[in-house]
Amino acid sequence: MTKHNTIQIDYTISENNYQLKSLLNIDVLIPKDDSVRLLSQIVEEMNLEELYQTYSRIRGNSVTPRQLLKIVLYANMNKIYSSRKIETSCKRDINFMYLLGGASAPDHSTIARFRSLHFAPVCESLMAQFTNFLGDKNEISKENLFIDGTKIESSANRYTFVWKKAINKNLNKMLDDISSFVLKCENDFGIKVIYKNKIKKYHLKKLLKKLKRLSVEKNIVFVHGKGRRKSLIQKAIEKLNKYINRLKKYTKDLYIMGQRNSYSKTDKDATFMRMKEDHMRNGQLKPAYNVQFGVDSEYIVWVSVGPQPTDTTTLIPFLKSIQKHTGFKYSKVIADSGYESEENYVFLEDNQQLSFLKTSDYEIKKTKKYKNDIGRKENMIYCEKDDYYICKNNKKLYASGTINRKSKTGYKSKITCYTCEDCSNCEYKKNCIKGNNSKIPLEERTKKLQVSKLFHKKRKENLERITTPEGRKLRMNRSIQAEGAFAQVKQNMQFKRFLSRGNQKVLSECILVALAHNINKLHSKLINNKSGLYLYELK
């Protein structure tokens with residue numbers, strides 16, 4: 001009988017047949033100008049006291065929080081975001097072994113816990129510390145701040161949406177049904193719980209208690225199943241329970257939603273937004289976060305994450321946050337047309353910061369259609385002394401009143417209304433007065449304008465700044481630096497979707513990516529002798 005050789009689970013048995021040669025010193029295998037050495041040096045100089053305080057105790061034989069921070073940052077620098085892939089890299093990649101410094105490789109759950117439980121609470125503090133480090137090394141100007149935003153998809157399921165409009169519609173319909181139901185209960189059982197014709201949740205609970213007490217007094221037996229007839233009281237109690245549960249659900253949904261118009265059931269902080277990556281080509285909304293980057297000298301100096309689908313309301317909280325954490329007060333703020341608003345102009349002026357915001361009509365003003373639109377106030381003659389506009393037909397539009405308008409953020413603006421003195425028999429009326437959906441016939445309508453004088457004053461001042469040589473240079477650098485930072489993160493680093501859920505954890509993911517981008521950028525500048533370059537010159 002022949003004996004068969006079998007492969008053993010212990011793979012070291014066959015090593016006796018050959019001699020294994022390996023270098024014990026990993027350090028000699030890593031080039032002196034490798035980015036892993038720069039990362040290690042920077043993290044060693046950081047104050048991680050707050051990070052260590054998030055641990056109740058640290059075992060002596062385990063990987064330290066400082067080493068874990070190095071590993072996670074280096075993984076992000078190399079487009080590795082999965083905790084399981086980071087664990088594999090720690091066992092196989094020589095650069096990760098160098099960062100471990102002889103310690104055993106951490107498992108994926110340790111890495112995941114570090115990111116969500118320990119790094120997330122202190123991520124803003126560490127980001128501010130790194131930004132101040134760049135400032136101390138004169139790598140950033142601390143003068144020009146380029147701001148831009150993008151939407152990054154959440155890890156939530158795409159079809160778990162809850163819409164505020166649908167909830168309000170169903171809630172109003174249910175309240176009407178409840179009114180009819182309560183009135184029916186008064187007629188059928190003689191129970192009255194409503195006073196002053198107002199129905200609240202405690203009224204329904206009170207009615208439920210009375211119905212249950214009545215069922216006990218009448219010895220009503222509750223039945224279930226096919227072929228059994230339910231009593232009138234049982235039907236009323238079951239229907240009332242459904243109303244109360246639905247009311248609780250709608251109230252909870254509206255509370256979670258807050259000021260937003262939607263949220264996802266699997267990531268309650270995510271809002272449904274229209275994304276650039278539209279794989280179905282139907283304008284499908286996806287659960288996402290609005291990520292804001294503040295860039296200076298090609299470094300991401302600050303990051304914020306919010307539920308706003310537009311960038312207009314993100315500027316003021318972003319500037320307050322960066323000033324609070326880093327202590328930097330940038331004298332010049334450069335952003336695209338999505339950030340233009342009267343509130344932002346006023347805030348920047350009060351905060352002694354110059355705005356270089358591209359106006360929303362900057363490009364469209366160059367078109368022939370815009371210039372020939374006689375209905376626009378920009379194409380009318382304005383007499384500032386007597387405060388009136390002159391239209392194409394040489395008729396005057398006088399100020400007829402003011403409107404106090406309040407935005408979602410609570411900002412109050414003053415709108416001046418102008419009305420034409422006489423629009424009858426005007427040959428330009430069809431091209432001047434817009435709005436084909438109006439119920440009033442065109443012959444009976446009068447040209448009206450609504451103008452915010454403060455907004456147009458600030459816009460004019462801002463437009464003069466962005467058209468100067470300095471303004472053109474800053475706007476060019478915004479395109480290169482701010483949009484370039486998102487290009488690096490989303491294309492080169494392949495960071496297009498979050499792995500975690502919740503606003504704080506998503507912010508920590510963004511900060512990890514931003515720190516990784518900054519170290520890569522610093523390494524690249526040092527290698528190419530471009531350290532200290534703040535702005536690109538106009539050609």
Side-chain angles (χ1 to χ4, degrees), residues 127-128 130-131 134-135 139-152 273 275-277 288-306 308-323 325-326 328-341 344 348 353-360 362-363 462 465-466 470-493 495-496 507 510-522 524-525 530 533-539:
M127 181 73 191
F130 189 84
T131 300
L134 292 174
E139 283 293 326
I140 56 177
S141 67
K142 293 191 282 189
E143 181 184 4
N144 306 313
L145 181 65
F146 305 100
I147 300 176
D148 201 5
T150 191
K151 299 178 182 68
I152 298 180
M273 306 177 187
M275 310 283 287
K276 289 181 180 177
E277 297 85 6
Y289 292 89
N290 191 347
V291 180
Q292 299 289 314
F293 278 0
V295 182
D296 180 6
S297 308
E298 298 184 82
Y299 296 102
I300 302 171
V301 294
W302 198 244
V303 179
S304 74
V305 172
Q308 304 94 332
T310 58
D311 295 330
T312 312
T313 56
T314 63
L315 182 66
I316 296 174
F318 186 86
L319 292 175
K320 286 181 178 178
S321 180
I322 188 173
Q323 190 172 342
H325 288 89
T326 65
F328 294 167
K329 187 177 179 180
Y330 283 87
S331 58
K332 299 171 186 175
V333 177
I334 306 96
D336 64 6
S337 58
Y339 295 86
E340 189 194 25
S341 71
N344 291 342
L348 289 170
Q353 292 174 300
L354 286 176
S355 63
F356 288 83
L357 309 181
K358 187 176 180 181
T359 57
S360 57
Y362 185 80
E363 296 296 338
N462 177 75
R465 279 193 294 270
I466 66 173
E470 182 193 17
R472 291 199 301 270
K473 180 180 177 181
L474 291 174
R475 284 192 292 120
M476 182 198 72
N477 275 272
R478 188 207 68 82
S479 300
I480 295 171
Q481 297 194 29
E483 294 182 11
F486 280 120
Q488 288 286 338
V489 167
K490 297 179 80 173
Q491 293 299 323
N492 290 356
M493 298 177 72
F495 186 78
K496 297 182 179 180
L507 176 62
C510 287
I511 287 178
L512 279 173
V513 172
L515 290 173
H517 166 272
N518 288 345
I519 295 169
N520 278 333
K521 181 60 68 177
L522 178 60
S524 175
K525 283 193 170 187
K530 291 185 177 180
L533 177 65
Y534 301 144
L535 295 173
Y536 290 93
E537 297 294 331
L538 283 169
K539 294 183 180 179

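No hydrogens, no waters, no symmetry mates; every other heavy atom, side chains included, goes into these values.
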Item to check | Six-ring centre of Tyr362, Arg475 cation under 6.0 angstrom, axis tolerance 45° | outcome: yes
Item to check | Under 3.5 Å donor-acceptor, Lys329 side chain and Gln323 backbone | outcome: no
Checklist outcome for this item: One should read off an interatomic distance between Gln481 CD and Tyr534 OH, to the nearest 0.5 angstrom, of 12.0 Å
Item to check | Test side chain to side chain contact (heavy atoms under 4.5 Å, CB included) applied to Glu363 and Ser337, step by step | outcome: CA-CA 10 Å; Glu363 296 296 338; Ser337 58; over 6 Å; no
Checklist entry - What's the spacing between Ser331 OG and Asn144 CG if we round to 0.5 Å? => result 6.5 Å
Next on the checklist: To check you understand the geometry: which heavy-atom pair defines the closest contact between Phe356 and Glu470, and what is its length?
Outcome noted: CZ-OE1, 4.2 Å
Item to check | Results of ring-ring contact (aromatic ring centres under 6.0 Å, His included) for Tyr299 - residues two or more places apart only | outcome: none
Item to check | Spatial distance of atom OG1 (Thr150) from atom CD (Gln292) [nearest 0.5 Å] | outcome: 9.0 Å
Checklist entry - Asp311 and Thr314: side-chain donor and acceptor closer than 3.5 Å? => result no
Item to check | For Ile334 against Lys332, the heavy-atom pair lying closest together | outcome: CD1-O, 3.8 Å
Checklist entry - Do the side chain of Arg465 and the main chain of Ser355 share a donor and acceptor less than 3.5 angstrom apart? => result yes
Checklist entry - Within a strict 4.5 Å, meaning less than it, do heavy atoms of the Leu319 and Leu145 side chains meet? => result yes
Next on the checklist: When you compare the side chains of Trp302 and Thr326, does any donor N or O come within less than 3.5 Å of an acceptor on the partner?
Outcome noted: no
Checklist entry - Can a donor-acceptor pair be found between the side chains of Ser360 and Glu340 at a distance below 3.5 Å? => result yes
Next on the checklist: For a 4.5 angstrom cut-off between non-hydrogen side-chain atoms, does Val301 reach Ile140?
Outcome noted: yes
Item to check | Residues forming a side chain to side chain donor-acceptor pair (under 3.5 Å) with Thr310, sequence neighbours excluded | outcome: none
Checklist outcome for this item: Distance col, row Cys510:SG vs Leu515:CG, nearest 0.5 angstrom, shows 11.0 Å
Next on the checklist: I need the full list of salt bridge (Lys or Arg N to Asp or Glu O under 4.0 Å) pairs touching residues 513-522, with sequence neighbours left out, sorted by first then second residue.
Outcome noted: Glu298-Lys521
Checklist entry - Looking at side-chain heavy atoms only, is the closest gap between Arg478 and Lys358 below 4.5 Å? => result no
Checklist entry - Between Val333 and Leu315, does a side chain to side chain contact (heavy atoms under 4.5 Å, CB included) hold up when you go through it step by step? => result CA-CA 10 Å; Val333 177; Leu315 182 66; 4.2 Å; yes
Checklist entry - In Å, rounded to the nearest 0.5 Å, how long is the span from CG of Leu474 to OH of Tyr536? => result 14.5 Å
Next on the checklist: A side-chain contact here means heavy atoms from C-beta on lying under 4.5 Å apart; do Phe130 and Asn518 qualify?
Outcome noted: yes
Next on the checklist: Are the side chains of Tyr289 and Leu507 in contact, using a 4.5 Å heavy-atom criterion?
Outcome noted: no
Checklist entry - Ala514 and Met127: which non-hydrogen atoms are nearest, and at how many Å? => result CB-CE, 4.1 Å
Checklist entry - Side chains of Leu357 and Ile466: closer than 4.5 Å at any heavy-atom pair? => result no
Next on the checklist: Run the side chain to side chain contact (heavy atoms under 4.5 Å, CB included) test on Phe293 and Val303 for me, step by step, so that the C-alpha distance in whole Å, both residues' side-chain angles and the decisive distance to 0.1 Å come before the verdict.
Outcome noted: CA-CA 5 Å; Phe293 278 0; Val303 179; 3.8 Å; yes
Next on the checklist: Between Asn477 and Phe146, is there a side-chain heavy-atom distance shorter than 4.5 Å?
Outcome noted: yes
Checklist entry - How far apart are the closest heavy atoms of Ala288 and Met275, and which atoms are they? => result CB-SD, 3.5 Å
Next on the checklist: To the nearest 0.5 Å, what is the distance between CD1 on Ile316 and CG on Leu348?
Outcome noted: 7.5 Å
Item to check | Heavy-atom pair of closest approach, residues Gly294 and Phe318 | outcome: N-CZ, 3.3 Å
Item to check | Note, Val291 side chain near Phe495 side chain (heavy atom, < 4.5 Å) | outcome: no
Item to check | Closest non-hydrogen atom pair between Ser141 and Asp296, with its separation | outcome: OG-OD1, 2.8 Å
